[in-house]
Amino acid sequence: MKSVYKSTRVMIMKAMVLKAVTRLAENREPLELSELPVPVPGSAELLVKVSACGVCHTELDEIEGRTPPSLLPIVPGHQAVGRVVAVGQDVTGYGPGDRVGMAWIFSACGACDLCRSGTENLCAGFRATGRDAHGGYAEFAVIPAAFAHRIPEVFTDSEAAPLLCAGAIGYRSLMLSAIRDGDVLGLTGFGGSAHLVLKMVRHRLPRTRVHVFARSAAEQAFARELGACWAEDTDSRPPEPLDAVIDTTPAWKPVVSALAHLKSGGRLVINAIRKEDADKGELLKLDYAVHLWQEKQIKSVANVTRRDVREFLALAAEIPIRPEIQEYPLEEANRALVELKERRIRGVKVLRIA
Ligand SMILES: [Zn+2]
Ligand SMILES: [Zn+2]
């Protein structure tokens, strides 16, 4: 191992750890501040000193068991930025001091048909950072060098962190929506990912009108501020039919209304790793003629590829997209998660790790 550390004694780090699946409604402190040994990188891995890690809705799904971690206890967090402090013996191309990011894709098998055809996000061996391998809610993390991402100069660590998930998955959902300049796009939900999609559209597809459905008045105002031409409550009817809708809500009702608002041949892209079951009954309102006929399409977004992350980082740097961020110290990760659950959202939440 090539390292900037001379000492071989075990070093200890602070981490916020999930020990058991729980419900945030009853347990407002699902993560425990813990001391863990600093991980040792394998031969093809990097050891990274983390300085910022984004807080994602997917962490709520992990904590509450909708996409449960495959190992417990686990250090969550899949949008981390930091500096390389040591590299495994087989690593080339990275050295101590390099700034890198880790995204949701921790690794994929690299050998199956899906991996070889550019859809490593669908690989049966897909491992997610912070769910199937320890993530960035900690002072240090290890990642396979092949799955690390260089961070463009233009961003601070905190700005770059949410680009790695909210931005990259927003980019993938925009690609899957097949929207062209001048088409009309709807966004249901206006959290971290959707606000970055709106920024991308303003730049890349300047003639496209964007209509936003959001529950809170604050989110609606924020959407208008960022260039949405219409932003109203989830139940409202948009002023014109939509070519595509990207849904980032955890609920079912917005799915049903989005389908009703689509033009013939329109596309609904559901960008959510899991839906919550609270309003599942809404699906019984599906009327084939109103919601599905006329070749309307529904597609989910699953994970991201390394290519999504890299293409999006390059685009974000070129624009540049600066996410609206709200910072919290690592120790206050639970507060950030509760606020996310309660939808006290403006932009994206980022943990600062001293
Ligand atoms: Zn995420
Ligand atoms: Zn594979």
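Any value given below was found using the heavy atoms of this structure, including those in side chains, with hydrogens, waters and symmetry copies removed. What you see is a predicted model; the values in this text were computed from it and never measured.
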S.K.: Answer yes or no: is there a side-chain heavy-atom contact under 4.5 Å between Thr58 and Arg274?
M.R.: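 Sidechains of Arg274 and Thr58: no contact.
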S.K.: Would you mind checking if Glu120 and Arg307 are paired as a salt bridge, meaning a charged N to carboxylate O distance below 4.0 Å?
M.R.: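 Salt bridge absent between Arg307 and Glu120.
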S.K.: Are Leu31 and Val17 packed together at the side-chain level, in the sense that at least one heavy-atom pair is separated by less than 4.5 angstrom?
M.R.: no
S.K.: Heavy atoms, side chains only, cut-off 4.5 Å: are Leu18 and Leu72 in contact?
M.R.: yes
S.K.: Is any side-chain heavy atom of Leu187 closer than 4.5 Å to a side-chain heavy atom of Val197?
M.R.: yes
S.K.: With a cut-off of 6.0 Å (strictly less than), are more than 12 heavy atoms of other residues, nucleotides or ligands near CZ of Arg150?
M.R.: yes
S.K.: Test salt bridge (charged side-chain N to carboxylate O under 4.0 Å, His left out) on Glu219 and Arg224; report intermediate values, then the result.
M.R.: CA-CA 9 Å; Glu219 285 170 328; Arg224 280 187 223 105; over 6 Å; no
S.K.: Among all residues two or more places apart in sequence or in another chain, which pass the ring pair (Phe, Tyr, Trp, His ring centres under 6.0 Å) test with His78?
M.R.: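 In terms of ring pair (Phe, Tyr, Trp, His ring centres under 6.0 Å), with neighbours along the sequence ignored, His78 is linked to Trp104.
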S.K.: In the hydrophobic clustering (ILVMFWY, side-chain contacts below 4.5 Å, transitive), which residues join Leu286, or is it alone?
M.R.: Val184, Phe213, Trp230, Leu242, Val245, Trp252, Val255, Val256, Leu259, Leu262, Leu268, Ile270, Leu283, Tyr288, Leu292, Trp293, Ile298
S.K.: Can you see which heavy atom on Ser173 is nearest to which on Asn271, and at what distance?
M.R.: OG-ND2, 3.6 Å
S.K.: Is the shortest distance from a Lys or Arg side-chain nitrogen in Lys349 or Glu339 to a carboxylate oxygen in the other one below 4.0 Å?
M.R.: yes
S.K.: Testing the basics here: between Thr249 and Pro254, what is the closest heavy-atom pair and its distance to 0.1 Å?
M.R.: OG1-CG, 3.4 Å
S.K.: Check this for me: Arg204, atom CZ, are more than 12 non-hydrogen atoms of other residues, nucleotides or ligands nearer than 6.0 Å?
M.R.: no
S.K.: What do you reckon, is CD of Glu342 surrounded by more than 12 foreign heavy atoms closer than 6.0 Å?
M.R.: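 Atom CD in Glu342 is crowded, with more than 12 foreign heavy atoms closer than 6.0 Å.
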S.K.: For Arg180, does the CZ atom sit with more than 12 other heavy atoms under 6.0 Å from it, leaving out its own atoms?
M.R.: no
S.K.: Hey, are the side chains of Asn303 and Phe126 touching, using non-hydrogen atoms and a 4.5 Å cut-off?
M.R.: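 Answer yes - side chains close enough.
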S.K.: Please step through side-chain contact (heavy atoms from CB on, under 4.5 Å) for the pair His134 and Val142, ending with a clear verdict.
M.R.: CA-CA 8 Å; His134 291 308; Val142 292; over 6 Å; no
S.K.: Identify whether the distance between the nearest side-chain nitrogen and carboxylate oxygen of Asp183 and Arg207 falls below 4.0 Å.
M.R.: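 Looking at Arg207 together with Asp183, the answer is no, because their closest N to O distance does not fall below 4.0 Å.
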S.K.: Any non-hydrogen side-chain atom of Leu351 less than 4.5 Å from a side-chain atom of Glu332?
M.R.: no
S.K.: For Arg23, check salt bridge (Lys or Arg N to Asp or Glu O under 4.0 Å) against everything at least two apart and list the hits.
M.R.: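 Here no residue qualifies.
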S.K.: Atom CD of residue position Glu327 - does it have more than 12 heavy atoms of other residues, nucleotides or ligands inside 6.0 Å?
M.R.: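 Check passes, neighbour count above 12.
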S.K.: More than 12 foreign heavy atoms under 6.0 Å from CG of Asp113: is that the case here?
M.R.: no
S.K.: On a heavy-atom basis, which atom in Val210 and which in Val201 lie closest, and how many Å separate them?
M.R.: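 Minimum heavy-atom contact is CG2-CG1, 3.7 Å.
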S.K.: At what distance, to the nearest 0.5 angstrom, does CD1 of Ile143 lie from CG of Leu47?
M.R.: 9.5 Å
S.K.: To the nearest 0.5 angstrom, please state how far the CZ atom of Phe190 sits from the NE2 atom of His195.
M.R.: 7.0 Å
S.K.: More than 12 heavy atoms of other residues, nucleotides or ligands under 6.0 Å from NZ of Lys299: is that the case?
M.R.: no
S.K.: Taking salt bridge (Lys or Arg N to Asp or Glu O under 4.0 Å) as the test, write out the residues that go with Arg215, two or more places apart.
M.R.: none
S.K.: Is there side-chain contact between Lys296 and Arg267, with at least one heavy-atom pair below 4.5 Å?
M.R.: no
S.K.: Is there a path of hydrophobic side-chain contacts, each under 4.5 Å between heavy atoms, that joins Leu196 and Val154?
M.R.: yes
S.K.: At what distance, to the nearest 0.5 angstrom, does CE of Met16 lie from OG of Ser34?
M.R.: 8.0 Å
S.K.: Determine the minimum heavy-atom distance between Leu315 and Met200, stating which atoms define it.
M.R.: CD2-CG, 3.8 Å
S.K.: Is there a path from Leu60 to Val21 through hydrophobic residues (I, L, V, M, F, W, Y) whose side chains come within less than 4.5 Å of each other?
M.R.: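 The answer is no; the residues belong to distinct hydrophobic clusters.
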S.K.: Would you check, one step at a time, whether the test salt bridge (charged side-chain N to carboxylate O under 4.0 Å, His left out) holds for Asp243 with Lys263?
M.R.: CA-CA 6 Å; Asp243 290 285; Lys263 287 183 191 171; 3.0 Å; yes
S.K.: Would you mind checking if Arg172 and Asp308 are paired as a salt bridge, meaning a charged N to carboxylate O distance below 4.0 Å?
M.R.: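 Salt bridge between Asp308 and Arg172, a charged N being under 4.0 Å from a carboxylate O: yes.
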S.K.: So, Glu139 and Lys49, do they make that salt bridge, N to O below 4.0 Å?
M.R.: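 Salt bridge flag = no for Lys49 with Glu139.
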S.K.: For Leu337 and Glu59, run side-chain contact (heavy atoms from CB on, under 4.5 Å): C-alpha distance rounded to whole Å, both residues' side-chain angles, the deciding distance at 0.1 Å, then the answer.
M.R.: CA-CA 8 Å; Leu337 289 162; Glu59 268 99 70; 3.8 Å; yes
S.K.: Quick one: does Pro76's side chain get under 4.5 Å of Glu62's, heavy atoms only?
M.R.: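 Contact flag for Pro76/Glu62 side chains = yes.
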S.K.: For Arg352, is the CZ atom crowded, meaning more than 12 foreign heavy atoms sit under 6.0 Å from it?
M.R.: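 Yes, the 6.0 Å shell around CZ holds more than 12 heavy atoms from other groups.
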S.K.: Could you walk me through whether Phe147 and Phe106 pass ring-ring contact (aromatic ring centres under 6.0 Å, His included), step by step?
M.R.: CA-CA 6 Å; Phe147 290 81; Phe106 185 84; 7.7 Å; no
S.K.: Does the pair Glu64/Lys341 count as a salt bridge with the N-to-O cut at 4.0 Å?
M.R.: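 Salt bridge: yes.
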S.K.: Is it true that Asp157 and Arg99 make a salt bridge, defined as a side-chain N closer than 4.0 Å to a carboxylate O?
M.R.: yes
S.K.: Between Gly189 and Ala194, what is the shortest heavy-atom contact and its length?
M.R.: O-CB, 3.4 Å
S.K.: With sequence neighbours left out, what residues match Ser257 under side chain to side chain contact (heavy atoms under 4.5 Å, CB included)?
M.R.: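 For Ser257 the side chain to side chain contact (heavy atoms under 4.5 Å, CB included) partners, ignoring immediate neighbours, are His261.
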S.K.: Tell me whether Arg335 is salt-bridged to Glu29, with the criterion being a basic N under 4.0 Å from an acidic carboxylate O.
M.R.: no
S.K.: So which atom in Pro206 and which in Asp181 form the shortest heavy-atom distance, rounded to 0.1 Å?
M.R.: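 Smallest interatomic distance, heavy atoms only, reads N-OD1, 3.3 Å.
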S.K.: Which value, rounded to the nearest 0.5 Å, describes the distance between Tyr328 atom OH and Ile353 atom CD1?
M.R.: 14.5 Å
S.K.: Do the side chains of Leu330 and Met13 join up, straight or via other hydrophobic residues, at under 4.5 Å, putting them in one cluster?
M.R.: yes
S.K.: If you measure from the Lys or Arg side-chain nitrogens to the Asp or Glu carboxylate oxygens, is any gap between Asp61 and Arg66 under 4.0 Å?
M.R.: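 Salt bridge between Asp61 and Arg66, a charged N being under 4.0 Å from a carboxylate O: yes.
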S.K.: Can you list, pair by pair, the side-chain donor-acceptor contacts under 3.5 Å of residues 159-170, counting residues two or more places apart and other chains?
M.R.:
residue : atom : partner : partner atom : Å
Glu159  : OE1  : Thr156  : N            : 3.0
Glu159  : OE1  : Arg322  : NH1          : 2.7
Glu159  : OE2  : Arg322  : NH1          : 3.2

S.K.: Considering only NZ, NE, NH1 and NH2 on the basic side and carboxylate oxygens on the acidic side, decide whether Asp247 and Lys275 come within less than 4.0 Å.
M.R.: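 A salt bridge is present here (some side-chain N lies under 4.0 Å from a carboxylate O).
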